[in-house]
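Start at 1 with the first residue, then count along the sequence.
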Amino acid sequence: MGNPGTSLPRDASRTICVIGAGLSGLALAIRLQAAGLQTTLIEARGAVGGLLRRIGHPDFAFEEGPALLADPEPLRELWRLSGENGEAALNLVAVDPTCRFLWSDGTSFDAAGDPAELVRQVARLAPADVAAIDEWRLWSDIARKEAWPLLAQGLPQGIAPWGQALAQVRRSRAWQSASGLAAHFFQEPHLRQAVAHGALLAGANPAAASALVLAGQQLAGSGPGYWPIGGMARLAETLAARFTALGGTVRLHDPVARIETLGSRVSEVETLSGWRSHFAAVASTADAVHTYRSLIKDSPRAAQMGARLAARRFAPSALTVHFALAGTWPGIAHQTVLVGPRFDALLADVFEAGVLPRDMLIWLHHPTVTDPALAPPGHSLMRATIPVAHLGKLPIDWDTVGPMVAQRVVAEVGRRLIPDIDDRILARHLTTPRDLALELGLHLGSGWSLEARGLHSWPPRLAHRDARIANLYFAGAATHPGAGVAGVLAGAKACAEHITGDFT
């Protein structure tokens, strides 16, 4: 990190500041630097990664972030921008099944990436639904290869692109909800829940969000998921190393305190340490409400946009308890979803009513079954996450309630998978919605930002370029096409295309 003071880059007309070194910020910074725009990446915390973060513990590598990557191609593309092959650097291993579903009534289902195994899984659970698998895989192919790239571009411009977009809406059945799409293909209730569940990974309610929200997630029968050896935080470090190798600059542990504006343009960025620099453009991948309300304080446009964004619907938050265990469990999948007695009603409690249900839907991540070196020999790491209402809907004292809820989560994992779990836990760490709000600056503690509804939030999502402040750009979960790994990587690409189009 540089010394405090004021600096003026050699060619200020081609310098870009990217705020936030999460996955979106890293991908955007690499794209801009590879395009010849001198880019400075500023991160408030002492490490890159954002939500892909490693939590400090002397003996165990607790991490937060996605359990798996659905498609490594967007990451590999970041290396190809400079003519290099990223296979060795990324070190990704295939994981199949991508997810195991366990219901409280004893039903189980493996969301297999291998098409033949998917047929076996469906036949075991619901023989009558096997006939729908080919149609489901055709929809998956259309959604991922045609509808998703179109969605990632944002709002169409012109008559012909709108016609193409509407055709894709029809072909991808985007007018249906994720739950409606699942019901269109499959009759068995558990199978419908497993298919619709993917919407939750983008912070969306399957009953309210368009079926298109599923296109950016791992779809059963569409291949394995991928895990970066060393963990998701290691992936973030690898991306940061790629950025600096291209000549980019990273400033860590130095939060942006102010974005100065001059008329209708951003002119300067100042950090908490006192460091200041002029930039031709600023791209924020930090929380959008925080950016407008706290960083661009004196601009009437910022106050207007901050209020407008804050008035929109935000996705839920989450409570996560990490735990290290003595022993190993090769029979527990890399990713398991423990479904309680309710599904739709529980999600209505979280998304609409804003209450804390007594039953739970638990995402259990078990990375050491794939990557044993993350823990000492003979030990395992697990992470259990439940969706909960955000702080605006559920303004409770999480410092008091959080540990009690965490104990219920651990007890449920023990009851259903590891009977002697209390005797085996060696260390644990808790993250609540309040922690997400305070430590990562997420509005209302929402890990997915604006909620995806309707046609995947067309047009309520934030534009990649501000309509009034000409050189202020945005990427991340609040922009098109939304949250999740695929969403933020696609959004970073779209934002980079805006910036490079304006400056090159």
Name all residues meeting the salt bridge (Lys or Arg N to Asp or Glu O under 4.0 Å) criterion together with Asp344; count only those two or more places apart in sequence or in a different chain, and write none if there are none. none
Where Ala406 and Leu430 come nearest, the two heavy atoms and their spacing: CB-CD1, 3.7 Å
Show, in sequence, the C-alpha distance, side-chain angles and deciding distance for Thr291 and Ser284, and conclude whether the side chain to side chain donor-acceptor pair (under 3.5 Å) test is met. CA-CA 7 Å; Thr291 300; Ser284 177; 2.8 Å; yes
With sequence neighbours left out, what residues match Ser446 under side chain to side chain donor-acceptor pair (under 3.5 Å)? none
Can you classify the ring geometry of His464 versus His498 as parallel (below 30°), tilted (30 to 60°) or perpendicular (above 60°)? tilted
Between His334 and His365, what is the ring plane arrangement, given parallel below 30°, perpendicular above 60°, and tilted in between? tilted
Should Thr328 and Ser380 count as side-chain neighbours, where that means a heavy-atom distance under 4.5 Å? yes
Does any part of the side chain of Leu450, heavy atoms only, come nearer than 4.5 Å to the side chain of Phe314, both counted from C-beta? yes
Between Arg434 (side chain) and Gly402 (backbone), is there a donor-acceptor pair under 3.5 Å? no
Please answer whether the main-chain N or O of Leu138 pairs with a side-chain N or O of Asp141 as donor and acceptor at a distance below 3.5 Å. no
Minimum-distance pair of heavy atoms, taken over all atoms of Arg137 and Pro115: NH2-CG, 3.5 Å
Minimum heavy-atom distance between Arg54 and Ala233, given as atom pair plus value: NH2-CB, 3.5 Å
Under the side-chain hydrogen bond (donor to acceptor under 3.5 Å, both in side chains) rule, what pairs show up with a residue in residues 109-120, not counting sequence neighbours? Arg100-Asp110, Glu117-Arg120, Glu117-Gln121
I'd like to know if the side chain of Thr368 and the backbone of Leu381 have a donor-acceptor N/O pair within less than 3.5 Å. yes
Could you report the tightest heavy-atom contact between Pro387 and Val350, atom names first, then the distance? O-CG2, 3.8 Å
Nearest heavy atoms of Ala475 and Ala492, plus distance in Å: CB-CA, 4.3 Å
My understanding is that only residues two or more places apart in sequence, or in another chain, count here; which of them pass salt bridge (Lys or Arg N to Asp or Glu O under 4.0 Å) with Arg53? Glu64, Glu439
Please check if the side chain of Thr431 supplies one atom and the backbone of Leu436 the other of a donor-acceptor pair under 3.5 Å. no
Testing Ile362, Val410, Val413 for side-chain contact (heavy atoms from CB on, under 4.5 Å) with Val321, which one passes? Val410
Once salt bridge (Lys or Arg N to Asp or Glu O under 4.0 Å) is applied, do any residues pair with Arg465, and if so which ones, sequence neighbours excluded? Asp502
Between Pro206 and Leu347, is there a side-chain heavy-atom distance shorter than 4.5 Å? yes
Answer yes or no: is there a donor N or O on one side and an acceptor on the other, between the side chain of Asp287 and the main chain of His443, under 3.5 Å? yes
If we only count heavy atoms from C-beta on, is the Leu90 to Trp79 side-chain gap below 4.5 Å? yes
Return yes if some donor-acceptor pair links the side-chain N/O of Asp371 with the main-chain N/O of Gly230 below 3.5 Å, else return no. yes
What's the shortest heavy-atom distance between Phe343 and Leu361, and which atoms? CE1-CD1, 3.7 Å
Give a yes or no on whether the backbone of Leu92 and the side-chain of Glu87 come within a donor-acceptor separation of less than 3.5 Å. no
With heavy-atom distances below 4.5 Å as the criterion, would you say the side chains of Phe185 and Val195 are in contact? no
Please work out which of the three classes, parallel, tilted or perpendicular, describes the rings of His379 and Phe60, given edges at 30° and 60°. tilted
Flag, side chain of Trp227 to backbone of Met232, donor-acceptor distance under 3.5 Å: no
State, with a plain yes or no, whether a side-chain heavy atom of Thr285 is found less than 4.5 Å away from one of Leu28. yes
Classify the angle between the aromatic ring planes of Phe62 and His322 as parallel (below 30°), tilted (30 to 60°) or perpendicular (above 60°). tilted
Looking just at side-chain N and O atoms, do His197 and Trp363 make a donor-acceptor pair shorter than 3.5 Å? yes
Please walk me through it: do Arg453 and Glu352 pass salt bridge (charged side-chain N to carboxylate O under 4.0 Å, His left out)? CA-CA 13 Å; Arg453 295 175 68 85; Glu352 304 298 336; 3.8 Å; yes
From the options Leu78, Ile499, Leu246, select the one residue that forms a side-chain contact (heavy atoms from CB on, under 4.5 Å) with Arg31. Leu78
Taking Trp136 for the side chain and Ala220 for the main chain, is one N or O donor matched with an acceptor at less than 3.5 Å? yes
Set of residues satisfying salt bridge (Lys or Arg N to Asp or Glu O under 4.0 Å) with respect to Asp359, sequence neighbours excluded: Arg342
Taking the side chain as C-beta and beyond, is there a heavy-atom pair between Glu451 and Phe351 under 4.5 Å? yes
Side chains of Leu440 and Arg45 in contact at under 4.5 Å (non-hydrogen atoms): yes
